Amino acid sequence: QETISRVLPLVGYFVADVEASVRHTTAEQLYPLALFLIEKGGQTGLQHVLSTFMPFIFELLADNDHDVGVAALATLCSVTKCLPPEQVEAHILKGVCTIAHQESAGEGR
C-alpha cells in the first residue's frame, strides 16, 4: 500500500518529463515496478498496473523519441507476459490498435 501511495503519483511526472533520458529510464523501470505490484499486491496490484501503468506505457510507446518508444515496447511485452489472457485482450490489444491508428505515433515507428 505504501508503494502505491508514494510511488505511483510520481511516475506520471517522470513519464511527462521534458528529458528523453528520464522518459527512457522510466519506461525501463515500469516493468520491475509492475511485476512487484502484481506479485505483492495481488488483485489490487494488478488493477493498478492495468489502470495506471498501461496508460503510461502506451504514452511512452507513442513518444517522439525513438529510444523511449523502443524501451516502452520492451516493457509492454514484458508486462503482457504477467497478465491473465483476458486482460491482454481487454487492455493491451485495444491500446495497440489505438496507437496504430494515431498518425503521429505511426510516424515514429
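Given the structure is predicted, the values throughout are model-derived calculations rather than measurements.
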Can you list the residues that meet the side-chain contact (heavy atoms from CB on, under 4.5 Å) rule with [X], with sequence neighbours excluded?
| X | answer |
| --- | --- |
| Glu39 | Leu35 |
| Pro85 | none |
| Cys77 | Leu73 |
| Phe53 | Leu8, Leu30, Leu33, Ala34, Leu37, Val49 |

Exercise. Can you measure from CE (Met54) to CG (Leu76) and round to the nearest 0.5 angstrom?
Key: 5.0 Å
Self-check item: Inter-residue atom distance Leu60.CG - Asp65.CG, 0.5 Å rounding
Solution: 10.5 Å
Exercise. Taking all non-hydrogen atoms of both residues into account, name the closest pair between Gly12 and Phe56 and its distance.
Key: CA-CZ, 3.5 Å
Exercise. Please report the closest heavy-atom contact between Ala27 and Ala72, naming both atoms and the distance.
Key: CB-N, 3.8 Å
Applying a strict under-4.5 Å side-chain criterion to I, L, V, M, F, W and Y, I'd like to know whether [X] and [Y] cluster together.
| X | Y | result |
| --- | --- | --- |
| Phe36 | Phe14 | no |
| Ile38 | Val11 | yes |
| Phe58 | Leu50 | yes |

Exercise. Answer whether the closest heavy-atom distance between the side chains of Leu83 and Leu46 falls below 4.5 Å.
Key: yes
Quiz prompt | Contact list for residues 13-25, test salt bridge (charged side-chain N to carboxylate O under 4.0 Å, His left out), sequence neighbours left out | solution = Arg23-Asp63
